[in-house]
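Data first, discussion second: the structure below is written as structure tokens.
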Number of protein chains: 2
Amino acid sequence: MTHLEATGRRKRGRPTQEERERRRDQILDAAVSLFVAKGFGQTSIDELAAAARVTKRTIYTYFGDKAEVFTAAVERFRVSALAQLTAEDESLTDVATRLVLVLHSDEAVGLHRLMIAEAPQFPRLAERFYASGPLGYIELLSSLLDAEGAPPDAAADGRAEALFGLLLGEPHRRRLLGLAPAPTPAEARRHARAALRLVVGEGDGAG
Amino acid sequence: MTHLEATGRRKRGRPTQEERERRRDQILDAAVSLFVAKGFGQTSIDELAAAARVTKRTIYTYFGDKAEVFTAAVERFRVSALAQLTAEDESLTDVATRLVLVLHSDEAVGLHRLMIAEAPQFPRLAERFYASGPLGYIELLSSLLDAEGAPPDAAADGRAEALFGLLLGEPHRRRLLGLAPAPTPAEARRHARAALRLVVGEGDGAG
DNA sequence: CTATAATGATACGAAGTAGTGTCATTTTTT
DNA sequence: AAAAAATGACACTACTTCGTATCATTATAG
């Protein structure tokens, strides 16, 4: 609608509320991409500005700080992943498969790696990340396991945690180290079923 | 033996072979400590020199490069951990418990985190790290599981990998994110037994 | 219409850092 | 005894980077 949209020239002037949000996302998109590719410390604000097609000045008006760009990027991913999680209602196998796929995606692995790398610098963010990431998924699995009518083990509390650990497992570690590509849907499903077999036993025909 | 050893003054002059090794270790000790505490990028050579009680010049004669200091530190840990691994002969429960303890130690977790953080910059090192770290442990577990006379599952190949993943599990992830202290020996043992129970079944009285 | 917020462009300051050069000094090596 | 190797001390260069300042320009808000 703005009369310069078709041209390559970028307009300057007071932006509308919607444009501000778009621009914010634009900056964070570039930030995630660069941080994941090169790391937080190795990414300069100038690079980020160039990648986001924005000037450095703009970044500092949106985020006061380089660290704040980082926390904002992680926070955005965090809340979006949480929202995506809580609005689901499938079978256990399906949920497990989807979890494997999502958690091994480039974005999730990249941010996970980033969070591990920068955890000493951002301890509070690391806490939030873990609480609404892994912990949230474990709680979901736990409720699903209860609903599935699991045998009343003495160590029933740790089963969801073990299941989550199995769903990630070594493939996820290899991904964190950059040693493997993301799994295909078929591989993810196979992996999920193997993990479930180990935790809930042989019979789970809900696939 | 050197005639200035008692005084605080450090000598200068051509060092003996043994002294060179000691000094090299001294530098790498400081490097590991600093890298783990502050990260690779956030540690300057000057800091490292001060911490190792050595001048910057010396660091550059031993290692030509800052990156080479990093690879040397990881390599030293890598081979020492591998040597420590291959010279053992215990019961499955004992090995699992020791694995839990070792892999959750400050040094192991710190280097693991460091390796994840810098993997994009040092891909070949990451490969070696994984091959002689996790992969080595998995092979060890696999041979022990075979010796233990495991049921001839169709998915017998993945059991050692699953066991290893369970031995680390969420506690290890929390450690990577700086959210938990190292486990006590009792906790490690309990964790190891729970993991074994899940993988090899109920009966494992070898504790 | 008027005031205002935001941006592009660009330069700049301050600080930190990797890596090198120099040189005297001391100890090992031969 | 003489040569060589290595170190401490320290300055120094070249470069990068964060964050700020300036200022004209333009579109939105009221």
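Proteins get letters first, then strands, A, B, ... in listed order; numbering begins at 1 in each.
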Spacing between B/E19 atom CD and C/dT28 atom P, to the nearest angstrom:
7 Å

Less than 4.0 angstrom between a side-chain N/O of B/R57 and OP1 or OP2 of C/dT20, yes or no?
no

Salt bridge (Lys or Arg N to Asp or Glu O under 4.0 Å) partner of B/E47, the single match among B/K56, B/K66, B/K38
B/K38

Quick one: A/F70 CZ to D/dC18 P, roughly how many Å, whole number?
15 Å

For B/R175 and B/A182, work out which heavy atoms get closest and say how close.
NH1-CB, 3.3 Å

Would you call A/D29-A/R22 a salt bridge at under 4.0 Å N-O?
no

Rounded to the nearest Å, what distance is computed from the CG atom of residue B/D46 to the C1' atom of nucleotide C/dG19?
10 Å

Between B/L168 and B/H104, the two heavy atoms sitting closest are O-NE2, 3.8 Å

Which part of the nucleic acid, if any, lies within reach of A/T55 when heavy atoms closer than 4.0 Å are counted: base, sugar-phosphate only, or nothing?
base

Is there a donor N/O on one and an acceptor N/O on the other, under 3.5 Å, for the side chain of B/K66 and the base of C/dG19?
no

Heavy-atom nearest pair, B/T43 first then B/L34, reads OG1-O, 3.6 Å

Could you tell me the separation between the CD1 atom of A/I45 and the C1' atom of C/dT10, rounded to a whole number of Å?
17 Å

Starting at atom OH of B/Y62, determine the distance to atom P of D/dA5, rounded to an integer number of angstrom.
14 Å

C/dA18, D/dA29, C/dA6: which one has an atom nearest the side-chain heavy atoms of A/P15?
C/dA6

Atom NZ of B/K56 and atom P of C/dG21 are separated, to the nearest Å, by 13 Å

Base of C/dT27 paired with side chain of B/R14 (donor-acceptor, under 3.5 Å)
no

To the nearest Å, give me how far apart CZ (A/R20) and P (C/dT7) are.
6 Å

If you assign each of B/A67 and A/T58 to its closest nucleotide in DNA chain C, which residue comes earlier from the 5' end?
A/T58

Which nucleotide wins on minimum distance to the side chain of A/D65, given the candidates D/dT7, D/dG19, C/dA18?
D/dG19

Nearest-angstrom distance from the residue atom CD of B/Q17 to P of D/dT7:
12 Å

